[in-house]
Number of protein chains: 2
Amino acid sequence: MVTLAEVAQHAGVSASTVSYVLSGKRSISASTRERVELSIQQLGYHPNAGARALASSRSNIIALMVPLRTDMYVPVMMEIAIAVATSARTHGYDVLLLTGEEGPAAVRRIAGSSLADAMILMDVELHDERLPLLRDSGRTAVLIGLPADTSGLTCVDLDFEATGALCVDHLAGLGHREVAVIGEAAAVYERHTGFAERTVDGIRAKAQDAGVRILHRPCEGGYAAMAGTLARIFDERPGTTGFIVQNEAAVEPLLNLLQQQGRAVPEDVSVVAVCPDQVATQASVRLTSVAIPAQEMGRRSVEQVVAKLGGRGTDEVDLLEPVLTVRASSGPAPV
Amino acid sequence: MVTLAEVAQHAGVSASTVSYVLSGKRSISASTRERVELSIQQLGYHPNAGARALASSRSNIIALMVPLRTDMYVPVMMEIAIAVATSARTHGYDVLLLTGEEGPAAVRRIAGSSLADAMILMDVELHDERLPLLRDSGRTAVLIGLPADTSGLTCVDLDFEATGALCVDHLAGLGHREVAVIGEAAAVYERHTGFAERTVDGIRAKAQDAGVRILHRPCEGGYAAMAGTLARIFDERPGTTGFIVQNEAAVEPLLNLLQQQGRAVPEDVSVVAVCPDQVATQASVRLTSVAIPAQEMGRRSVEQVVAKLGGRGTDEVDLLEPVLTVRASSGPAPV
DNA sequence: GAGGTCGGTCGAAGCGCTTCGACTCCACTC
DNA sequence: GAGTGGAGTCGAAGCGCTTCGACCGACCTC
């Protein structure tokens, strides 16, 4: 491995000069700079990450804690993770991948070892155990999600209340008066991962204003679960003409079952989903949907981290405006 | 931050003793060990990762390069990534997440900076640009996938040839004589990501033995693409009674279209998929499938890495035996 | 022309850890 | 009773980098 000292010797300057060429923290004459850069090129020098971290107490690593549960919401998580990794690189950071497995202890370990300069936590629960540890670790952190107490923390998330409201608005505008909400699996509510509740809150509030009756039912993914849920919904509210689907894994089963029951989408029944655009456009009916902007969330969270590390930090909640795209799954309520 | 020196002072021993307690590389008396461990506890000491890496020239980090293309095969990739991260932790390693974005240069950067002790590459192509760089970086590496030249490299993958053969075997055993293969998107073949070709090779070879006619057609995911592909298949081979589906995103559209055309599964047509078990069990028809053992692949690749770093390394190709599970989508060919 | 300023460079002191050699005891051996 | 060897501990020398203060000309200013 080539070291900084070797580069310095090769270029006929001192080690510190090379370091300053690299970091730009002091001015260097053009001629020296060029000479050093040439040596770096020729020798194929790469600064040693460990030495750098030790001397500067900055590792240029951001830790990303993803949820362990691989069973829900996977494409979104993956998209966020990839967006985080790629945008981190554009800011000169690498990303360390932590799974929920280790639990809150991971926060302590990473903070204690100075392995990462900052952390991004995904899938934050309302009363997340990691938050107290995070707060008194003093480490920079950004959450994707919205806990109950956001004081001293930066949060990035989709505005799920507005998302819920937007869905209701759309359906109400089309004349629907009885709307069923296909929620997330019951476990998601039990964990109090705020987004599910917030969506429903948004739906409820707007529904009241708009004179829409809401029936909210949690639902696991898959056909069997969806069939049962759907039967019960039409049982209780035969007049249901609108559906808001929160759970991605329920989208395709729902469309399929409706079709089998001879209910045409969108003539008899309208469906609005909250899901990534890709899911909406690849479904058997092109879905009217509110997009989950996974990439944007990843990108923003990195930008917040970088800003905070650069001292331009802001402790604030950064809620993304939801956007509803009308496609082929929603239309006027039948008369 | 608490340092090793502070722990040493608190415990009344020298710094090196604390280090040896931590690493176990020299014998330490029980009483000293206990005293040191207590001090570590009380002070909440965590070794500084950078200092450790610098002094020992081991970072205890494994770099994982995931493909950038988030559009294909996502759940499998995610599952592998999570499995890699969690099993790495059980061996004392953390995982650095690299995306394809940076391209082959990432290999050079990581190797050069000693940021990671080893690399795991996913989505390896037949003639992958990263391999030459990897070889002469001298860094430990494990590939998930199978390149053309495996010399000096350890590879972990599902035995896709056997997978293809297994599918044909199953269908042939049920009496099917005309089988269509719904392949991956054309782009996948163009990139020469070996697995797709290997599966087809396995299918072809076994088909010849078994007297089965094969029609192989690449197919994008989604309904529109599948509809076109399916129409052309029945056009060319009206007697087709068996389907082997490689592309996960085509599974649901295929089932749906077959249903719409009045072809019952499995009475009229049998379907065998190559996909994770979760997809197979959550589909509208419970699918007979060969599982893609994502977790197992992640776990094994970490084990290979750890073995190699520990000097117990083996340059070998570690192909996982495919397993076919019969579910509700396949049955005897109609007479 | 003395004093001040600033751009450009260097030397040296760490950052917190690992590891090697050396040292001390103590229990054995012959 | 000297010699041997292992167990347990310590001190010191780095690992490769950043960064601070110092230094040296060159250019201004009054």
Side-chain angles (χ1 to χ4, degrees), chain A residues 1-37 39-40 43-61 92 94 109-117 309, chain B residues 1-37 39-40 43-61 92 94 109-117 309:
Chain A
M1 289 286 86
V2 186
T3 71
L4 189 151
E6 293 172 308
V7 173
Q9 193 176 6
H10 186 270
V13 297
S14 78
S16 47
T17 300
V18 177
S19 178
Y20 287 123
V21 167
L22 252 28
S23 68
K25 291 191 179 168
R26 287 200 180 173
S27 50
I28 297 285
S29 69
S31 70
T32 305
R33 187 204 304 318
E34 279 162 27
R35 211 143 29 89
V36 170
E37 279 166 355
S39 298
I40 289 175
L43 301 180
Y45 168 72
H46 283 272
N48 178 296
R52 206 166 228 199
L54 178 57
S56 65
S57 38
R58 310 237 320 41
S59 62
N60 283 291
I61 289 180
D94 274 299
R109 186 172 65 86
I110 299 300
S113 65
S114 301
L115 220 184
D117 298 332
L309 288 175
Chain B
M1 289 287 85
V2 186
T3 71
L4 188 151
E6 293 172 307
V7 173
Q9 193 175 5
H10 186 269
V13 297
S14 76
S16 47
T17 301
V18 176
S19 178
Y20 287 124
V21 167
L22 252 28
S23 69
K25 292 193 180 169
R26 286 199 181 174
S27 50
I28 298 285
S29 69
S31 69
T32 304
R33 186 204 302 324
E34 279 162 28
R35 212 143 26 89
V36 170
E37 279 166 354
S39 298
I40 288 176
L43 302 180
Y45 168 72
H46 283 272
N48 178 296
R52 206 165 231 200
L54 179 56
S56 65
S57 36
R58 299 204 19 13
S59 63
N60 283 290
I61 289 181
D94 273 298
R109 186 173 65 86
I110 299 299
S113 65
S114 302
L115 220 184
D117 297 333
L309 289 175

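Chain letters run A, B, ... following the sequence lines, proteins first and then strands; every chain starts at 1.
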Closest to the side chain of A/Ser27, out of C/dC17, D/dT18, C/dG8, is C/dG8

At less than 4.0 Å, is any side-chain N or O atom of B/Lys25 found next to OP1 or OP2 of C/dT19? Yes or no. yes

Interatomic distance, B/Glu6 CD vs C/dC15 C1' [rounded to whole Å]: 13 Å

Minimum-distance pair of heavy atoms, taken over all atoms of B/Val2 and B/Tyr45: O-CD1, 3.5 Å

Among D/dA7, D/dT18, C/dC17, which is the nearest nucleotide to the side chain of A/Ala55? D/dT18

Base, sugar-phosphate alone, or nothing: which one does A/Thr32 contact when heavy atoms must sit under 4.0 Å apart? sugar-phosphate

Any donor-acceptor pair under 3.5 Å from A/Asp117 side chain to A/Ser59 backbone: yes

Quick one: are A/Val13 and A/Val18 in side-chain contact, heavy atoms under 4.5 Å? yes

Quick check: any donor-acceptor pair below 3.5 Å linking the side-chain of A/Arg52 to the base of C/dG16? no

Listed nucleotide nearest any side-chain atom of A/Ala51, set C/dT19, D/dC17, C/dT18: D/dC17

Closest nucleotide of DNA chain C for A/Arg26 versus for B/Arg26: which of these residues is on the 5' side? A/Arg26

Relative to the 5' end of DNA chain D, which residue comes earlier, B/Ala30 or A/Tyr45, by the nucleotide with the nearest heavy atom? B/Ala30

Residues in contact with DNA chain C, drawn from residues 10-22 of chain B - heavy-atom cutoff 4.0 Å: B/Ser16, B/Ser19, B/Tyr20

Judged by nearest nucleotide, the residue sitting upstream toward the 5' end of DNA chain C, B/Gly50 or B/Ser23, is B/Gly50

Checking C/dT18, C/dG8, D/dC17 against the side chain of A/Ser29 (C-beta onward), the nearest is C/dG8

Atom pair OG (A/Ser39) and CG (A/Leu4), whose distance is rounded to the nearest 0.5 Å: 11.0 Å

